[in-house]
Each structure stands twice: as structure tokens, then as C-alpha cells.
Amino acid sequence: MSLINYASREINCKIVYYGPGLGGKTTNIKYVYKQIDPSARGKLVSLATEADRTLFFDFLPLDLGQVQGFKTRFHLYTVPGQVHYDASRRLILKGADGVVFVADAQRERLEQNIESLENLRVNLISQNLDPETIPFVMQYNKMDLANVMSSEELEQQLNPKGYLSFEAIAVEGIGVFDTLKAISKLVLKAISEGR
Amino acid sequence: MLQDGLIMYEDSFEKINLILDELMKNSKSECVFLVDKSGQLITMRGNMEQFDSTAFASLSAGNFAATSELAKLIGETEFSVLFHEGVKDSIHISIVAGSIIMVVVFRVVKTSLGLVRLEVKKSVEHLAHVLKEMVERSKRDGQIKKLDESFTQAIENEIDSLFKD
């Protein structure tokens, strides 16, 4: 749910990184945090287990600065990917303006990707968000590994509707900013069209 | 209650801030935040220098959401008030108009939980009225185009220059 504040002249949007466990959602956010100008980012909050697995969420606020007198902020969230944290995932989707699905491109993870996509659809509906219209970008991560599916296969299996998609190696930063740029623009477009 | 985004207008913003200032004064608290359920900070009043307010807002919403789920597990709709007790500072969290989270931070030596609760209760009614008006207006205006093309273009340029390796 975007918040446009005419009094403090701010626009705030929420983008959620979704996907199966160990797919690279947190890695995406951590790379953004590391690379971006420190004046444009806030504190990175990670609610993780001792083993560094996301327990509740990661949160990173990004500040685009003043554009025509308005401060625009993107709040990036990740969900915990592990199956048993479904209740937490549902909560984090609350009020999302856009979703990035971080798929693990390894062949043996195909089933988990499909399950997680279906879980996303169910959870969006539970938050009164329309899976058909919410701004959505697909990222195929870990493309450097040996056992990955080809991008054609991935598109066919995970993205039959042809949403914008990017190949990534998040741990090296490849594809991370392309994905973020794409989802940010889609979210702003949706807000500007009053959707 | 709110799905299409919230638009905050200057007059509503002033009214809300006045109510929060009054609450802060009467309850002798340090600061008050209003946060929406998605974790966006709507406004804050008081001495906030020691906090990262954005992180505070996001965590408050997460906290509220998690406890609401706990409530549902035992057959409640949600817990309308949460209280976290610290050694020096404590936090009182409550829900306004069903959709907005209000967080009051107060010094244990300066005031009491009872007084904070009492003053919060009084303010919630006034706030609910202003918020209801604002939400209805937001919904009406949500139908029209919110940002013009030159603005969207300017933001896109900003995104291109900031989000790069």
C-alpha cells in the first residue's frame, strides 16, 4: 500500500522479495545495501536465526531523494523462504506494492519454485492483493551453477505469463540492480495510474 | 480497510499532529508514532533523535502483525493493545480505526502505564474520526491519476542513476 503524504511531501512504496528458502532473497538486499550510496539508504534490519536464516523479515529503506519537491522512498522486504514460516510470509505481504520472485535456477529446485509461486498467489489473495495485477518481476538466480535449467525452460516452467524476468548471480551482484530497477519502475507506474 | 494506498493531505496531517502533540503532553510521553499496517511511517511527534524512525516503524508493524496472528490462534481477532516494558523506556502500542498502529514511547520515571493508557484511549476517538475522513477522501482521489508524467519520468531517471553497480 503506497503512502503519498502531501504534507511532508513523501511517497513511500513497499517491495517484497519472495521465493523458496536459500534462493538468494537476502543476498539481493544485502548486495543493494553494500553497493548503494550510504546517504540513500537506511538501516538494514535483519530478523534472522543464529544460523543466519531469515526468521521474520529483512528490511531496507532506500531514499531516492527529492524529485520535484517529493521525497520518494522504497522499502524493500524479504520473506522467510522456508515452508514452515508461512504465517510470517503472509504478514509481510500486507500492503505490498510490488513483488520480486527470486527463483533458484538449479534443476533440483524446480519443484520448490513452483510451490513457492503457488504459495505467493494464495498469500496475495489472503491479503486482498490481486496476483494478476500487482507489479511483478521474476529473477532467475544462481545462473553460474552447473546444474541450472536453461532460461527458456525456466520461462516455460515458472513464467508462462511472460512477466519481466532477469537472470542473476546475486552473490556477485549480477542482475540485482536490473531487477530492482524494473520492479521500482513498475510500482511507480501503477501508482501514477492510480491502480 | 485500506488496499489502494493512502493519501495524506496537509489539513488532515495538521489535525493528526495536533492530536498527537496533545496526547504526548497529557501522558508525559517522549514520542508518538503513527504507522500503517504495511510498516510505513505516517507521522511522528516528539524527541526522536535517538531512534531510527524508519526501522522503528517497520518493526512496530511486524510486531503488531505477529501478535495479531497469535491472537487469531487463540480465537481473538487481534490484541488491540500491546505493552513492552523496559528499564528506562517502555512502549505502548494500540490500533486506531482498525488500520493504523499508534506507538507511544514513554519514560518509566516520568509517567505511568495507567496514565498513558488513559490518554491514548481519549486520543484514539479523535484520531479515528480524522483518519476515517482521510481514508474516504483517499479512496475517492485514488480513482484519479495521482502523479503526472513528468514526475514519473523524473523519478525513473533518478532510479536509473541511483540503482546501479
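Predicted model only: the values in this text are computed from it and were never measured. Chain naming here is simple, since letters A, B, ... match the order of the sequence lines and numbering starts at 1 in each.
- Only the side chain of A/Ile36 comes within less than 4.5 Å of a heavy atom of chain B; its backbone N, CA, C and O stay farther away.
- Separation of atoms NZ (B/Lys37) and CG (A/Leu91) is listed at 10.5 Å; rounding is to 0.5 Å.
- Proximity to chain A involves both the backbone and the side chain of B/Glu156, based on heavy atoms less than 4.5 angstrom apart.
- Proximity to chain B (any heavy atom under 4.5 Å) is restricted, for A/Asp63, to the backbone atoms N, CA, C and O.
- Here the OG atom belonging to B/Ser161 is positioned 10.0 Å from the CG atom belonging to A/Asp37, to the nearest 0.5 angstrom.
- Looking at A/Leu60, neither its backbone nor its side chain comes within 4.5 Å of chain B, counting heavy atoms on both sides.
- For chain A, the option among B/Ala61, B/Ser68, B/Gly62 with the highest count of heavy-atom pairs below 4.5 Å is B/Gly62.
- No more than 12 heavy-atom neighbours from other residues, nucleotides or ligands sit within 6.0 angstrom of NZ on A/Lys43.
- Under the 4.5 Å side-chain contact rule for hydrophobic residues, A/Leu44 and A/Val176 share a cluster.
- Few gaps surround CD on A/Glu108; more than 12 heavy atoms of other groups in view lie less than 6.0 Å from it.
- B/Leu82 and B/Ile74 end up in the same hydrophobic cluster when Ile, Leu, Val, Met, Phe, Trp and Tyr side chains are linked at under 4.5 Å.
- Taken from OG1 in A/Thr72 to CD in B/Glu158, the straight-line distance is 8.5 Å, to the nearest 0.5 Å.
- Counting heavy atoms of neighbouring residues, nucleotides and ligands inside a 6.0 Å radius, atom CZ of A/Arg90 exceeds 12 of them.
- A 6.0 Å sphere centred on NE2 of B/His84 holds more than 12 heavy atoms belonging to other residues, nucleotides or ligands.
- The nearest pair of heavy atoms linking A/Val67 to B/Ala154 is CG1-CB, 3.4 Å.
- Scanning all heavy atoms of the two residues, the minimum distance from B/Glu10 to A/Ala7 falls at CG-CA, 3.5 Å.
- More than 12 non-hydrogen atoms from other residues, nucleotides or ligands lie less than 6.0 angstrom from CD of B/Glu133.
- The side-chain hydrogen bond (donor to acceptor under 3.5 Å, both in side chains) with B/Gln40 is formed by just one residue from the set A/His75, A/Arg73, A/Glu10; it is A/His75.
- With a 4.5 Å cut-off on side-chain heavy atoms, B/Leu59 and A/Phe59 do not count as touching.
- A salt bridge links B/Asp160 with A/Lys185: the closest approach of a Lys/Arg side-chain nitrogen to an acidic carboxylate oxygen falls below 4.0 angstrom.
- Neither A/Leu55 nor B/Phe64 shares a network with the other; the hydrophobic side chains, linked directly or stepwise wherever heavy atoms of I, L, V, M, F, W or Y lie under 4.5 Å apart, form separate groups for each.
- Residues B/Leu113 and B/Met24 fall within the same hydrophobic cluster, defined by Ile, Leu, Val, Met, Phe, Trp and Tyr side chains chained together at heavy-atom separations under 4.5 Å.
- Both the backbone and the side chain of B/Ser58 come within contact range of chain A, judged by heavy atoms closer than 4.5 Å.
- Under a hydrophobic clustering in which Ile, Leu, Val, Met, Phe, Trp and Tyr are joined whenever their side-chain heavy atoms come within less than 4.5 Å, directly or via other members, B/Leu18 and B/Val96 fall into different clusters.
- Note: B/Phe163 and A/Phe177 have tilted aromatic rings, judged against thresholds of 30 and 60 degrees for the angle between ring planes.
- If you take CG on A/Asp97 and OG on B/Ser38, they are separated by 7.0 Å, rounding to the nearest 0.5 Å.
- Proximity to chain A (any heavy atom under 4.5 Å) is restricted, for B/Leu41, to the backbone atoms N, CA, C and O.
- A/Leu62 has its side chain out of reach of B/Leu162: every pair of non-hydrogen atoms, C-beta onward, lies at least 4.5 Å apart.
- Atom-to-atom distance recorded for A/Tyr6:OH and B/Asp11:CG is 12.5 Å, nearest 0.5 angstrom.
- If you take NZ on B/Lys164 and CG on A/Asp178, they are separated by 13.5 Å, rounding to the nearest 0.5 Å.
- For chain B, no part of A/Ile174 is nearby; none of its heavy atoms comes within less than 4.5 Å.
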